[in-house]
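In what follows, chains are A, B, ... by sequence order, proteins preceding strands, each numbered from 1.
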Protein chains: 2
Amino acid sequence: MTPQKKVLDFIGSSKATKTHCSTCSLNALCLPIALEDDDLDTLDKVIKRGRPIQKGEMLFKQGDDFHAIYAIRTGAIKSFTVAPSGEEQITGFHLASEITGLSGYSEDVYPLSAKALETTTVCELPLDKLEVLCDEISGLRKQIMRNMGSEIRQDQQMMLQLSKKSADERLAYFLLELSGRFERRGFSPKSFRLSMSRVDISNYLGLAVETVSRIFTRFQKNELIATEGKEITILNMQELNSLAGNPNLNSECVAQHQ
Amino acid sequence: MTPQKKVLDFIGSSKATKTHCSTCSLNALCLPIALEDDDLDTLDKVIKRGRPIQKGEMLFKQGDDFHAIYAIRTGAIKSFTVAPSGEEQITGFHLASEITGLSGYSEDVYPLSAKALETTTVCELPLDKLEVLCDEISGLRKQIMRNMGSEIRQDQQMMLQLSKKSADERLAYFLLELSGRFERRGFSPKSFRLSMSRVDISNYLGLAVETVSRIFTRFQKNELIATEGKEITILNMQELNSLAGNPNLNSECVAQHQ
DNA sequence: TTCGAAAATTGACATAGATCAATATTTGAA
DNA sequence: TTCAAATATTGATCTATGTCAATTTTCGAA
């Protein structure tokens, strides 16, 4: 595995750091190329590090001019579209180290809004500067396209969940998917913070709040998970996985014939 | 509105044509820049125009190496993922003039399969050549990213449909969305070919075949649509629109206070 | 043109999860 | 610390749509 420079580590620091990651996170802006120091400096000049965004504040709004993409340094945000009828649909949650705003590429305005779920700090990558950089640094272009590809893949995965899976399967999938993202960020996949409300979760999963709440309690009764405030602990990963319809995802040694 | 060169018109012909389109289709590779003749020649050398693909044949398969994106010249294809559990989920239909295979950018293999719904001809744009071209022609890169952005937007729209809308609303939305795509291709939005089966439609919309079938008959009884073989005619666009939850989408003159 | 298989339609019934309603718990501002 | 508002949980129904089953229609090969 080629060492990869994590641009986000760089973005996160005021000076260029040269951390490497062995596996590339689905959504992080990991570059499969080594950036020259010059390029790092250029990038540094381009990045805007703004004030923290408070819980409930908007990062950008549906219909705003598409002027930047954002790398999240700390915190979490939710993205959602609002239909002409007024219905809101949460299209995704973004955690630290992930990129948001990419769908703006569709037509020069953001087709969705992004709101902070907790106090959040971001790096703004202004589009005009990024455009120039993309032409200069071919690897950067590739990596942004890779990120967009991942978002497409993730959304299509979600379509499958929404159209084919039961409520139990959806919640199990949701928790495991989150868990995996924390793991890739180097945190424990067993215990993490659920910064979104039950309403947000139910909206995202296409279920009623009551249904989600009921399943949470049942999962706890069955000792699949434990919750304490916003913290959640996954007690039985194996079982949760099979519930989610992934017979043996995280199992290292479930050897079976055939 | 700036005249835009339709690369697909070019791709469709053996010699460079210079057609323009006034409005840019959501998914077509319309360039908002004018290509130089040199660039057109370069592009011409890159494009592979293969044998027609017969109904039921695969264009590419989930897990195949990501080596090309495809512009559809004639015909129609469906894209679908198959979950570890074996369930299939159709993630989209692609008609002539649209681009498919973009989600391959996520991780060097196609995360989904594409199968022809009828005899289909495509232009293959090999990735390696395209990469080089993207570096040379900045507008090309932008346009491909725009296409990816549109796909994200479309998928997220679909998430809303799948998680919030009733069966009636979904089918109405589906028909209108298709209609719109035909219109943008310069065909009648009122009468077009439904090349996908009821099973395909139901799978895509997250419904049972029986439900879709029932709604088709009901829509016909209510004189919203008429079908004859694979041809469908939209009789009452207005009503269908309000059913789909878009109170006044195509209405030019539904002026209302507020 | 005919025939068998695949696709579509229609009907009867079952159920997962929505909805409505009441209560409990958490949060955060004073 | 206290209290009101927001959020979450639990219970009792109701319903849209899935499932199973039986025709009917369409399609494509011989």
Side-chain angles (χ1 to χ4, degrees), chain A residues 54-57 78 87-90 115-119 160-175 193-222 225-232 243-245, chain B residues 54-57 78 87-90 115-119 161-175 193-222 225-232 243 245:
Chain A
Q54 294 307 313
K55 180 175 175 171
E57 262 185 77
K78 65 172 174 183
E87 290 150 303
E88 277 186 25
Q89 167 68 28
I90 294 180
K115 184 183 271 188
L117 290 170
E118 49 189 285
T119 306
L160 190 141
Q161 291 293 321
L162 291 173
S163 80
K164 301 271 177 323
K165 304 289 186 155
S166 73
D168 280 22
E169 289 172 316
R170 290 186 211 182
L171 191 60
Y173 167 83
F174 172 71
L175 295 175
R193 188 180 159 77
L194 272 184
S195 36
M196 61 294 289
S197 71
R198 294 286 190 269
V199 175
D200 283 342
I201 296 174
S202 65
N203 179 301
Y204 180 59
L205 297 177
L207 301 167
V209 213
E210 294 92 331
T211 305
V212 169
S213 185
R214 275 184 252 271
I215 300 176
F216 260 106
T217 21
R218 186 151 40 76
F219 278 7
Q220 288 186 79
K221 279 209 188 98
N222 300 351
I225 60 170
T227 60
E228 167 121 23
K230 296 248 155 198
E231 290 293 314
I232 182 170
L243 251 179
Chain B
Q54 295 306 314
K55 179 174 177 175
E57 263 184 78
K78 64 173 174 183
E87 289 150 306
E88 275 186 26
Q89 167 68 28
I90 294 180
K115 185 184 270 188
L117 290 170
E118 49 189 286
T119 306
Q161 291 293 320
L162 291 174
S163 81
K164 300 269 175 325
K165 304 289 186 156
S166 72
D168 280 23
E169 289 172 316
R170 290 186 211 181
L171 191 60
Y173 167 84
F174 172 72
L175 295 175
R193 186 180 159 79
L194 272 185
S195 37
M196 61 294 287
S197 71
R198 295 285 191 271
V199 175
D200 283 342
I201 296 173
S202 64
N203 179 302
Y204 179 59
L205 297 177
L207 300 168
V209 213
E210 294 91 331
T211 306
V212 169
S213 185
R214 276 185 252 270
I215 300 177
F216 260 106
T217 20
R218 186 152 40 76
F219 278 7
Q220 288 188 77
K221 279 209 188 96
N222 299 352
I225 59 169
T227 60
E228 167 122 21
K230 296 248 155 196
E231 290 294 313
I232 182 171
L243 251 179

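End-to-end axis angle of the helix from C/dT1-D/dA30 to C/dA30-D/dT1, using five pairs per end and rounding to 10°, comes to 60°.
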Treat primed atoms plus P, OP1 and OP2 as sugar-phosphate and everything else as base, then score nucleotides 4-20 of chain D 5' to 3': B for base contact with protein heavy atoms under 4.0 Å, S for sugar-phosphate contact only, - for none.
-> ----SBBBB----SSBB
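Between the C1' atom of C/dA16 and the CD1 atom of A/I215 lies a distance of 10 Å, rounded to the nearest Å. At whole-Å resolution of the value, CG in B/L194 and P in C/dA8 are 11 Å apart. Look at CZ on B/R218: it is 13 Å from P on C/dG11, rounded to the nearest Å.
With sequence neighbours left out, the side-chain contact (heavy atoms from CB on, under 4.5 Å) criterion links A/D168 to A/S166, A/I215, A/R218, A/F219, A/L243. Residues satisfying the side-chain contact (heavy atoms from CB on, under 4.5 Å) test with A/T119, not counting sequence neighbours, are A/P52, A/Q54. A search for side-chain contact (heavy atoms from CB on, under 4.5 Å) contacts involving B/E88 returns B/F80, B/V82, B/N203, not counting sequence neighbours. When the side-chain contact (heavy atoms from CB on, under 4.5 Å) test is applied to A/E87, the partners found at least two apart in sequence or on another chain are A/A83, A/S85, B/K164, B/K165.
The closest side-chain heavy-atom distance from B/V212 to B/Y204 is not below 4.5 Å. By the 4.5 Å heavy-atom criterion applied to side chains, A/T211 and A/L171 are not counted as neighbours.
B/S202 places a side-chain N or O within donor-acceptor distance of the main-chain N or O of B/R198, the cut-off being under 3.5 Å.
We find the CG-CG distance between A/D200 and A/L117 to be 6.0 Å, quoted to the nearest 0.5 Å.
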